[in-house]
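Reading through the structure tokens given below for one structure.
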Amino acid sequence: AGAKEDTFNVLDVAEYTKNRPWWRKVFGPSSGSSAEKYNVATQLLIGGVTGWCTGFVFQKVGKLAATAVGGGFFLLQIANHTGYIKVDWKLVERDVNKAKQQLKFHSSGKKISPEVRSRADEVIIFLKKNVILTGGFAGGFLLGMAS
């Protein structure tokens with residue numbers, strides 16, 4: 001009876017991805033700088049088109065959100081004025097003051113956590129490596145917001 005021995009290779013994914021930038025975790029090791037893959041015109045076109053689409057959608061969603069919030073506040077005021085609902089303004093004021101205190105506490109000299117700082121550094125490195133793509137995206141985004 002020949003016992004068959006199986007050998008397994010174990011890949012510790014947590015260790016593998018610990019020191020890799022987030023975009024390489026998502027897109028794989030071949031996703032370096034776009035300057036290595038595309039010429040300047042292609043980078044500008046890709047950045048401009050994606051920026052325009054993002055800006056256009058952002059503008060539409062922003063208008064919709066502003067309309068919804070404004071309309072909801074307007075309906076709340078009408079309902080309060082006509083007596084359908086009663087708003088406890090003292091409770092609202094107390095909750096707003098609690099929120100202000102929380103914001104003051106969190107912004108009162110606490111330093112940025114190392115995890116947030118490392119993520120911000122990764123984004124800055126990505127933007128520096130892909131400056132043409134980023135410029136195209138920014139221009140397209142502004143055009144999308146204007147249209």
Side-chain angles (χ1 to χ4, degrees), residues 7-82 84-147:
T7 58
F8 296 100
N9 291 333
V10 177
L11 174 65
D12 187 357
V13 177
E15 285 297 319
Y16 179 73
T17 61
K18 188 178 286 183
N19 295 322
R20 294 181 167 274
W22 64 269
W23 60 86
R24 290 185 192 253
K25 290 178 193 174
V26 174
F27 299 111
S30 65
S31 63
S33 167
S34 64
E36 298 167 359
K37 297 181 201 172
Y38 304 109
N39 62 24
V40 173
T42 306
Q43 289 181 59
L44 282 174
L45 183 67
I46 292 171
V49 169
T50 56
W52 183 85
C53 291
T54 304
F56 186 76
V57 169
F58 191 78
Q59 176 204 29
K60 296 298 180 190
V61 169
K63 284 182 181 177
L64 180 66
T67 303
V69 169
F73 184 72
F74 182 69
L75 289 175
L76 179 68
Q77 287 298 327
I78 289 174
N80 183 38
H81 183 69
T82 56
Y84 284 105
I85 61 171
K86 288 286 184 195
V87 178
D88 187 355
W89 291 109
K90 296 280 187 200
L91 180 63
V92 171
E93 184 180 359
R94 190 180 76 212
D95 288 344
V96 167
N97 287 335
K98 274 186 192 177
K100 285 182 187 176
Q101 291 299 325
Q102 288 284 334
L103 288 173
K104 284 180 186 175
F105 175 74
H106 288 300
S107 64
S108 66
K110 276 197 165 195
K111 292 186 177 179
I112 298 173
S113 70
E115 182 177 303
V116 172
R117 183 175 301 280
S118 70
R119 295 289 180 219
D121 290 341
E122 286 179 16
V123 169
I124 289 169
I125 290 168
F126 178 79
L127 294 177
K128 284 180 181 178
K129 283 185 177 179
N130 299 291
V131 73
I132 296 171
L133 184 73
T134 304
F137 180 85
F141 182 81
L142 292 175
L143 285 173
M145 288 290 288
S147 59

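Side-chain atoms are counted along with the backbone in the values below, which use heavy atoms only and exclude waters and symmetry mates. Values in this document were obtained by computation on a predicted structure and should not be read as measured data.
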Please tabulate, one pair per line, all N/O donor-acceptor pairs under 3.5 Å involving side-chain atoms of residues 46-75, not counting sequence neighbours.
from: Thr50; atom 1: OG1; to: Ile46; atom 2: O; distance (Å): 2.9
from: Thr50; atom 1: OG1; to: Gly47; atom 2: O; distance (Å): 3.2
from: Trp52; atom 1: NE1; to: Ser147; atom 2: OG; distance (Å): 3.3
from: Thr54; atom 1: OG1; to: Thr50; atom 2: O; distance (Å): 2.7
from: Gln59; atom 1: NE2; to: Met145; atom 2: O; distance (Å): 3.2
from: Gln59; atom 1: NE2; to: Ser147; atom 2: O; distance (Å): 3.1
from: Thr67; atom 1: OG1; to: Lys63; atom 2: O; distance (Å): 2.8

Anything under 3.5 Å between a donor and an acceptor, one on a side chain of residues 86-93, the other on a protein residue two or more places apart or in another chain? List them.
from: Asp88; atom 1: OD1; to: Lys90; atom 2: N; distance (Å): 3.4
from: Asp88; atom 1: OD1; to: Leu91; atom 2: N; distance (Å): 3.4

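Pairing each heavy atom of Gln43 with each of Ile132, the nearest pair is OE1-CB, 3.6 Å.
For the atom pair CD (Gln77) and OG1 (Thr82), the distance works out to 10.5 Å, reported to the nearest 0.5 Å.
Using a 4.5 Å cut-off on side-chain heavy atoms (C-beta onward), Lys129 and Ile125 make contact.
For Ala79, the side chain to side chain contact (heavy atoms under 4.5 Å, CB included) test picks out Tyr84, Ile85, with sequence neighbours left out.
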